[in-house]
Peer 1: 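Here it is, the structure in full.
All heavy atoms count here, side chains included; hydrogens, waters and symmetry mates do not. Numbered from 1 within each chain, the chains take letters A, B, ... in sequence-line order.
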Amino acid sequence: MAIRRPLARSELPVDTVSLARHLIGKAVVRELPEGVASGRIVETEAYVVGDAAGHAYRGMTRRNQSLYLERGHAYIYFAYGSSYMLNVSSETPGIGAGVLIRALEPLEGIPIMRLNRGVERLRDLARGPGRLAAALRIDRRLDGLDLCREGPLWLGCGDDEPGEIGRSIRIGISQDANRLLRFYLRDNPFVSGPRSLNE
DNA sequence: GTATGGATCGGCT
DNA sequence: GCCGATCCATACA
């Protein structure tokens, strides 16, 4: 899988839902002092314009301002007192929307991820948004970063034909909970969530 | 200033 | 499957 090239911004759909689907099979690449760690995106969720579950629903604040950047920038926040979440901004500049990256299939730097997570099991290294952020040592310092150019964190080309993509409701939200805005790779063991959502 | 409730995880049953 | 930990951004007084 040729990941050693950043995704060009022009390749990214402007529309949030299209972007969430498009990112399945692409790669997240993290450059660390001790080496490169990367993974293939197997699960995403769209947080669209006017979405009551979206962090931009009530307008721009200091926390969520990265959601308003041109598509392809990182929005990173801290949730539940324990986990960082990685999002990719979508839509045109000034519009607050994005795509949550929910799970990765580890590709490169698996020993680095094991150290960052303190867990051996390959399947558990980046299955879940908090876990993948920990595996790649992602925190608020990377918030606002352009993911379409090489640097500490970027989006790489992955598969054009990743496999069959499923669609379901999103996980762990209460507002606007019934919309089918979650995308995942069918039959991939690195996808998070209950079996009932992954058929 | 205080209250509140998460886009979760890991451990236990 | 259930529950507690943990902390910060936000909302409101």
Peer 1: What is the separation between atom CG on Asp139(A) and atom C1' on dC7(C), rounded to the nearest whole Å?
Peer 2: 15 Å

Peer 1: Establish whether the base of dA7(B) is bridged to the side chain of Tyr77(A) by a donor-acceptor pair shorter than 3.5 Å.
Peer 2: yes

Peer 1: Testing the 3.5 Å rule here: is there a donor-acceptor pair between the side chains of Arg170(A) and Asn178(A)?
Peer 2: no

Peer 1: For Ile171(A) and dA7(B), give me the distance from atom CD1 to atom P, rounded to whole Å.
Peer 2: 13 Å

Peer 1: With the side chain of Arg63(A) defined as its heavy atoms from C-beta on, choose the nearest nucleotide among dT8(B), dA7(B), dT10(C).
Peer 2: dT10(C)

Peer 1: In whole Å, what is the span from the CD atom of Glu45(A) to the C1' atom of dG6(B)?
Peer 2: 14 Å

Peer 1: What nucleotide, of dC9(B), dC7(C), dA11(C), holds the atom closest to the side chain of Arg58(A)?
Peer 2: dA11(C)

Peer 1: Could you tell me the Watson-Crick or G-U partner of dG1(C), where both distances fall under 3.5 Å? Say none if there is no partner.
Peer 2: dC12(B)

Peer 1: Please test Glu31(A) against Arg149(A) for salt bridge (charged side-chain N to carboxylate O under 4.0 Å, His left out), starting from the C-alpha separation and ending with a verdict.
Peer 2: CA-CA 12 Å; Glu31(A) 297 187 14; Arg149(A) 49 190 283 181; over 6 Å; no

Peer 1: If only side-chain N and O atoms of Arg62(A) are considered, is one of them under 4.0 Å from the OP1 or OP2 phosphate oxygen of dC8(C)?
Peer 2: no

Peer 1: Between the side chains of Glu91(A) and Thr16(A), does any donor sit under 3.5 Å from an acceptor?
Peer 2: yes

Peer 1: Separation of Tyr80(A) atom OH from dT8(B) atom C1', in whole Å?
Peer 2: 6 Å

Peer 1: Start with the C-alpha distance between Asp15(A) and Arg71(A), add both sets of side-chain angles, then the distance that settles salt bridge (charged side-chain N to carboxylate O under 4.0 Å, His left out), and finish with yes or no.
Peer 2: CA-CA 9 Å; Asp15(A) 172 70; Arg71(A) 67 190 188 282; over 6 Å; no

Peer 1: Let me know the distance between CD1 of Ile173(A) and P of dG5(B), rounded to the nearest Å.
Peer 2: 17 Å

Peer 1: Whole-Å distance between dG1(C) P and Arg195(A) CZ?
Peer 2: 11 Å

Peer 1: Closer than 4.0 Å, any side-chain N/O of Arg140(A) to the OP1 or OP2 of dC8(C)?
Peer 2: no

Peer 1: With ring centroids as reference points, do His55(A) and Tyr77(A) lie under 6.0 angstrom apart?
Peer 2: yes

Peer 1: Base, sugar-phosphate, or nothing for Arg117(A), non-hydrogen atoms under 4.0 angstrom?
Peer 2: sugar-phosphate

Peer 1: Please state how far atom CG in Leu100(A) lies from atom C1' in dG6(B), giving the value in whole angstrom units.
Peer 2: 13 Å

Peer 1: Choose from dT8(B), dC9(B), dA9(C) the nucleotide whose nearest atom is closest to any side-chain atom of Arg131(A).
Peer 2: dC9(B)

Peer 1: When the distance from CZ of Phe78(A) to P of dC8(C) is rounded to whole Å, what number comes out?
Peer 2: 6 Å

Peer 1: Base, sugar-phosphate alone, or nothing: which one does Arg170(A) contact when heavy atoms must sit under 4.0 Å apart?
Peer 2: nothing

